[in-house]
Each structure stands twice: as C-alpha cells, then as structure tokens.
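Inspection log for the structure reproduced underneath, given as structure tokens.
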Amino acid sequence: MLKVDENNHIFHLFNEKISLVIQILDNHFVVNRYFGRRIPFFAGSNTLDDVHHAFSVFQDDDRYSATNLSLEYSYENFGDYRITSSSIRDVNGYPIGNYEFLSYDTTPIFPKGMPHVRNNEDTTYLNLELTDKETKTNLILHYLLVNDAPILTKWVTMKNQGDRPVTIDKLDSLQVDISRDDYKLLSFSGAHAKEFQPQITQIENNIQEISSNRGVSSPQHQPFVALIDKDTSLDYGEYYASSFIWSGDFKAQVEKDQYNHLRMTMGVNADTLKWELSPKETFETPQAIICYGKNGLNGISKNFQTFFKKHLLENRLVKSPLIPLNTWEASYFGVNADLCKELMPKAAETGINLFVIDDGWFINRNSEKGQLGDWKIDKEKFPNGLEEISRLAHTNNMKFGLWIEPEMITTNSDLFKKHPDWVMNNPKRPHLLSRNQLILDLSNNKVQKYLIETISNLVKENHIDYIKWDFNRQFAPTISQTAGSTEQETVDFKYIKGLYHVLERIRKINPDLIIENCASGGGRVDPGMLYYTDQTWISDLTDSVSRFRIISNMLMLYPLSVFSSHLSKSPNEQDGRMLPLNTRLLLSGIGSFGVELNLNEFNATELKKLKRFIKEYKTNYNLVHNGIALNMFCLTKDETKPIAILLSKENKYSLIYSYGKTDSVNIPKYLPLRYLEENKNYLLNGSQEISGVELNDAGLTIEPIKGDYQVKKWDVAEIKQK
Ligand code: DGJ
C-alpha cells in the first residue's frame with residue numbers, strides 16, 4: 001500500500017510488516033525518513049537536521065548537506081563523500097547527478113530480460129522519476145513491495161532522452177542508509193567445494209566490500225549482505241539483509257561514515273561495467289532485495305526462504321520427487337552404454353526414478369582435456385546412441401537426464417574451428433585456458449541462438465527429461481571478439497542477460513524439461529540462476545557431513561527445494577571421510593535426494609536399506625523437500641561443532657542432528673525445539689505425547705555418543721484434536 005502526502009512530497013510504502021517513508025527534499029534529495037517495522041502513519045518524530053551546513057556544496061540553500069542525509073540514492077561528485085550508488089558522466093566526461101524530482105507513478109514494471117520478483121500477488125509499486133534537465137537523462141528509482149513479507153525490492157532505470165550519449169560508470173540497484181551504528185556485517189564467502197562459509201565482522205569507520213569480478217556470482221562471495229544487530233542471536237536482533245537477483249559480477253559495500261551512520265549498497269560491479277547510453281536508450285539494473293526484521297538470524301532465514309518460494313522460484317519438482325542416479329562419481333569419464341544398462345534395473349528396483357548420464361558421453365571426452373562444444377554422442381561408448389538409454393530409462397519407469405556444459409568450448413572442437421570468434425578471448429594473445437576450456441561469448445546473439453537450437457534439438461532427439469547445466473571455469477579475459485573496443489566493459493553484463501535469454505527460451509520451448517543449476521558445484525548459487533532452474537548442485541563436496549553444513553548456511557537465504565543432496569560412497573571421493581551408510585542417508589535425505597555411486601558396489605543389504613530409505617523419503621517428500629528449514633545453532637565456521645536443522649511443513653516436523661566431533665564429556669545435552677505451536681500437543685517418534693511448550697522449552701535430549709560425525713533424527717507430528 002502507498003500513502004502520498006503530495007504537499008510535502010512524502011511517500012509512505014507499507015504492508016502488514018514494514019514501512020518505508022521517503023521524502024523528496026528541496027526537489028532533489030530523495031531522503032529515507034524511515035525504514036523498519038510498520039508504522040500506522042508517519043508523523044516525523046525523527047526530525048531532519050536542517051540547520052546551516054558549512055560544508056554543504058549547495059551554499060545557496062545549505063539547510064541540508066548531501067553527505068549528512070539518509071539518502072535513497074546518491075551521486076558521485078555532488079558533495080556526498082560516502083560510497084555513492086551512481087557515477088554518471090555526460091559526453092564531455094563531466095559528472096551528472098543531483099537529479100531533480102519530476103514525478104511519481106505506481107505502474108507495475110520489472111527489468112526486462114532479467115529474472116525478477118514474480119508479480120503474482122497483491123503488490124504495491126512506486127516509481128520515482130528524477131531528471132537532469134541539461135542532458136535530458138531521467139533516473140527512475142523503482143520500489144516493489146509484496147504484501148505478505150517484510151521485504152522490498154529496489155532497482156533503477158536510466159533513460160537518455162537527450163541527443164548526446166552519457167556514460168554510466170556505476171548504477172547500483174539499492175542503497176540503504178541507517179542513522180545508527182550498532183550493527184555487525186554478515187556475509188558468506190567460500191571456495192570450490194567449501195561454499196557458503198559465514199563471516200560476521202565488526203563495522204568500523206571504513207568501507208567493507210563483498211564482490212565478484214569473476215563473471216559469475218561465484219562460490220567465493222555470495223551476492224548477499226546483512227547488517228545485523230551486534231547482539232543478534234537465532235531469534236533476536238534487528239537486521240537489514242539484502243540479496244541480489246543477478247548471476248554476474250556484483251558488488252555490495254558497507255560504509256560507516258564520519259558520524260557513525262551506515263550506508264549499504266548492492267549492484268552490478270562497477271569495476272567491470274561501463275555503459276555508454278545512446279540517445280533514446282534505456283539501461284535497467286537487476287532487482288535487489290532488502291529484508292527488515294527484528295527476529296534474529298532465523299527471522300532472515302524464514303523470510304527469505306518463504307519469499308523465494310512464493311515470489312521467485314518456479315520449481316517444477318514441488319509435487320513429486322525426482323530421484324536421480326547420477327553417473328559422475330560412479331564412473332567419471334568412463335561412462336558407457338553397458339554400465340548404464342547394468343545400473344538401470346538396479347536403480348529402478350530401489351525406487352530411483354531418474355537416470356542421469358553426467359560428463360563423458362560425447363566424442364573425445366575421456367578426461368578434462370577432452371572436447372567441449374559439439375555435443376555429438378561418442379559412438380564407441382554409446383553404439384546405439386543415447387536414444388537407446390533414454391528408451392530403456394523410460395521403459396523402466398524412469399526419466400532420462402543428461403549433463404551438458406553449454407557455455408563452454410575447447411579449441412579442438414568443430415564449433416571452434418568454424419567460429420573462432422565466438423569465444424571470449426583476446427585475438428592478439430594466447431588463449432587463457434582453465435580446465436582446458438574457453439567460454440563462449442553469450443553476449444553475441446548468434447551464440448545465444450546456436451545454444452537454444454543445439455540444446456533444444458539434443459533434448460528432443462534423445463527424449464531428455466532433465467539436464468544438469470554445468471559451468472566449470474570463470475571469466476578471463478572478458479572480451480567479446482565481435483564487440484567494438486568501447487563496448488568491452490559491457491560484455492559481462494550482456495553475457496548474463498544473454499544467458500538469461502537462452503534459459504528463458506529453453507524453458508519456453510521445453511516446458512517440462514527439468515534443469516539443474518551447477519557450476520563446479522555451488523559456483524553460481526544465486527537468485528538469478530535459481531529463477532530459471534529447478535534445483536542446484538550446491539557443492540562438489542559430496543561428503544554428507546560437510547554438505548549438511550553448507551546447506552545449513554545456505555538456509556539463510558534459500559529453501560530446501562533448491563538443494564541437490566546425493567548419497568555418495570565411503571570413503572568420500574573428495575576428502576576421504578568414512579561414514580556409515582545410515583549417516584550418509586540421513587544427511588542426504590533433505591532437499592532433492594539422489595544417488596551418486598556405483599550401485600554394483602552395493603551388497604544386497606545395502607540395496608535394501610537404500611530402497612527402504614527412498615520409500616520413506618517419498619512419503620515425507622512434502623516435509624523434506626518443500627518444508628521450511630531452520631538452524632538450531634548460530635552460524636559458525638567451526639567444522640567440529642554440531643549442526644541441527646529443524647524441518648517443518650504444515651503439522652509435521654523433523655529434527656536432524658549431526659553431532660560433529662565426538663565430545664569426551666559424557667553427559668546429555670538438551671535442545672529446545674523453539675518453533676512448535678504452543679497450544680498443540682505432539683507425538684514424538686510416533687510414540688510419546690508431549691506438549692508444544694515442553695518441546696519448545698525443555699527440548700529434546702541429545703544423548704552423548706561415542707565416535708565422530710554421528711547423526712540422529714527425531715520426527716514430531718501434531719496430534720489432531722478430536
Ligand atoms: C563439475 C560438477 O560439479 C560435477 O558434479 C560433475 O558434473 C563435473 N563437473 C563433470 O565434469
């Protein structure tokens with residue numbers, strides 16, 4: 001909802017949970033008067049500092065100073081000496097900023113050709129249009145508020161209505177200014193096979209940055225940043241948490257200024273962007289999300305999980321489980337028709353209903369040094385083509401899936417020989433190979449068209465139901481051979497939009513095709529990729545204990561349904577950890593469960609266990625795949641500590657407790673379940689009746705155990721009142 005005070009240019013955007021109050025001052029400062037818990041009306045108790053400002057650059061009217069106000073948007077070179085959300089120059093290279101307010105409207109709108117919050121509910125839009133009369137460029141600040149979440153979406157459009165070009169050096173999607181200083185900074189960093197490690201840092205009088213310049217959102221830094229109360233715990237503490245619906249280079253910054261006020265920004269990484277905006281052209285930024293609350297870390301987690309499920313993801317696996325047997329860790333590049341035929345009946349017998357051939361099925365692909373780009377079947381490995389395997393899967397009542405890495409190419413491929421200018425490369429220097437491969441230039445329309453056709457044909461010809469879309473190297477150099485020299489700093493942005501276009505078209509052409517997002521595991525776990533895909537391979541680390549920890553961190557943002565979680569062998573292929581089958585099953589049984597080992601190596605008892613487990617997983621699918629999952633311990637980087645995750649859906653709960661390293665102190669611990677309904681009674685593990693209050697406060701007994709990395713699970717079901 002929106003209330004506008006036209007006389008004072010005050011806009012009050014609110015829903016049931018939050019309020020944002022914006023005031024336009026002196027017709028050019030877009031000031032944040034309030035952002036927080038919903039207020040019934042805005043009276044202005046927090047008065048503005050409107051005395052004489054000696055250092056204001058607007059000396060004619062120095063009641064306000066750009067560097068002192070809480071602003072919704074800011075411009076470099078106009079007296080706001082903090083990090084600014086924009087930097088724009090005219091044709092002479094002179095800065096533009098200090099835009100004047102023109103008008104507002106409430107038209108529903110979203111950035112074109114980009115993933116965005118789906119407008120499928122009661123929503124309120126506010127678009128504030130500002131103008132620079134001299135260059136005739138207009139800047140529009142967009143706000144989208146859904147009614148059922150304490151979450152706002154912000155983004156920006158720049159329109160050039162003049163007759164000369166302007167240059168965008170920086171155009172962030174979001175700025176949040178807070179006149180308070182008692183916060184810490186929460187973010188997630190990581191590496192390949194160690195994604196999403198939490199970081200909580202002090203905020204001093206300087207600038208902190210979380211960013212990617214790798215062409216992709218990356219496992220190194222997640223496009224997420226949160227200001228959290230310095231005493232935040234699981235359930236208490238104020239926060240302003242922002243996520244970014246974008247899969248390429250991004251930058252989030254936090255500054256504590258001279259007055260100890262905070263500014264937080266989120267946007268496309270300006271270090272790798274420079275956009276010349278020609279007359280009559282428009283530039284739109286991706287959407288950034290900001291969530292406000294006072295209910296601690298699990299408040300952020302619950303809000304984001306619920307919001308993404310409802311307003312961003314379009315997961316086609318919500319209704320029924322798709323449980324893959326993936327060939328990667330079973331045979332790596334050695335996959336062939338005989339192995340598939342051997343594994344398939346065993347897989348079907350256990351209840352697996354998707355057979356996925358991972359890397360290695362196409363010509364000249366016996367190692368990482370093999371060939372990428374042509375996607376022609378290796379007839380030595382598959383003499384009767386993939387069609388035969390696909391048919392066999394379908395007759396076994398399974399779906400058929402295939403791995404591809406569409407954005408990649410190797411120099412020995414036919415595609416490269418035909419189109420050497422389709423790769424991102426400096427034509428005057430040697431190729432920079434990583435995992436022996438180069439990246440196709442998806443900023444080029446011809447490449448996009450080729451990919452849409454090639455993938456759609458592959459899917460059609462082989463009756464493919466699922467693809468695992470992999471991406472195994474990062475950008476270097478980001479150069480389009482078909483773009484002009486002045487356009488090179490637009491390539492990363494155009495690439496990501498090109499990728500979105502390809503994904504959008506492939507989904508349209510193949511409406512039932514399930515797509516799994518993968519980038520060497522969790523190299524592109526971001527809201528942009530999640531918008532187009534059904535699930536994500538979150539890490540190449542298939543050790544179930546470590547992956548459970550990664551999932552527990554990712555839950556800060558993403559719902560269970562996003563995570564692929566496969567049973568792998570022991571000792572684990574990546575870290576050699578040995579774990580019993582029960583442990584591996586229990587810890588893999590949340591999100592999208594699958595199997596990633598050679599079933600021929602399983603004996604009859606193990607196969608039976610797997611079969612029983614899959615049956616149970618299918619029965620509990622609504623809880624373990626579609627539920628909300630919350631952590632029972634605060635975020636930590638300490639790998640030895642236990643992790644406990646409480647899943648909930650409708651009237652069912654499940655607590656999974658991963659003990660971590662064993663403890664020599666041999667006494668029980670108690671874990672309050674916190675989130676059950678207090679006026680209800682529950683049945684614990686199908687036998688004991690306990691009240692919600694008792695389970696919430698007295699909690700479950702965590703018996704001491706001997707030995708590292710053990711796991712226990714409790715089921716809690718509401719007892720229906722007669
Ligand atoms: C990286 C992925 O994360 C793995 O699961 C596997 O598909 C390999 N690539 C194949 O090359």
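Atoms within each ligand, like the ligands themselves, are counted from 1 in listed order. For reference, positions follow the sequence shown, starting with 1.
- K399 NZ: 12 or fewer foreign heavy atoms inside a 6.0 Å radius.
- Other residues, nucleotides and ligands place no more than 12 heavy atoms under 6.0 Å from the NZ atom of K641.
- Among protein heavy atoms, the minimum distance from atom 1 (C) of ligand 1 is reached at D470 OD2, 3.1 Å.
- In terms of polar-atom proximity, defined here as any N/O pair under 3.5 Å, R365 makes no such contact with ligand 1.
- With a 4.0 Å heavy-atom cut-off, ligand 1 is reached by no atom of A519.
- Protein heavy atom nearest atom 6 (C) of ligand 1, with residue, atom name and distance: D358 OD1, 3.5 Å.
- One side chain, Y466 or E516, offers a donor N or O that lies under 3.5 Å from an acceptor on the other.
- Within the 4.0 Å heavy-atom criterion, neither part of E405 lies near ligand 1.
- Judged purely by distance below 3.5 Å, without hydrogens or angles, the side chains of N269 and N213 never pair a donor atom with an acceptor atom.
- Contact atoms of ligand 1 toward W537: 3 (O), 5 (O) (distance under 4.0 Å to a heavy atom of the residue).
- Taking distance alone, with nitrogen or oxygen atoms compared against 3.5 Å, D359 approaches ligand 1 more closely than that limit.
- The atoms of ligand 1 that sit less than 4.0 Å from any heavy atom of S520 are 1 (C), 3 (O).
- Polar contact with ligand 1: present for G521 (N/O pair, distance under 3.5 Å).
- K381 forms no cation-pi arrangement with W361, by the criterion of a distance under 6.0 Å to the ring centre and an angle within 45° of the ring axis.
- Near C518, with a cut-off below 4.0 Å to any heavy atom, the atoms of ligand 1 are 2 (C), 3 (O).
- At distances below 3.5 Å, not a single donor-acceptor pair connects side-chain atoms of R577 with backbone N or O atoms of Y709.
- Remark: distances from the non-hydrogen atoms of K468 to ligand 1 include one below 4.0 Å.
- Here the closest non-hydrogen pair linking G373 and Y450 is O-OH, 3.1 Å.
- Looking at N510, its side chain never comes within 3.5 Å of a backbone N or O of D512 through a donor-acceptor pair.
- For the pair R365 and F333, the cation does not sit on the ring face, since its NZ or CZ is not both under 6.0 Å from the ring centre and inside 45° of the axis.
- Ligand 1 is approached by R435 to a heavy-atom distance shorter than 4.0 Å.
- For the pair R214 and F475, the NZ or CZ position fails the cation-pi test of under 6.0 Å to the six-membered ring centre and within 45 degrees of the ring normal.
- Contact annotation: for H192 versus ligand 1, there are no heavy atoms closer than 4.0 Å.
- When hydrogens are left out, the protein atom nearest atom 3 (O) of ligand 1 is D540 OD1, 2.3 Å; that is the closest non-hydrogen contact.
- If you look at N326 next to ligand 1, there are no close heavy atoms at all, none under 4.0 Å.
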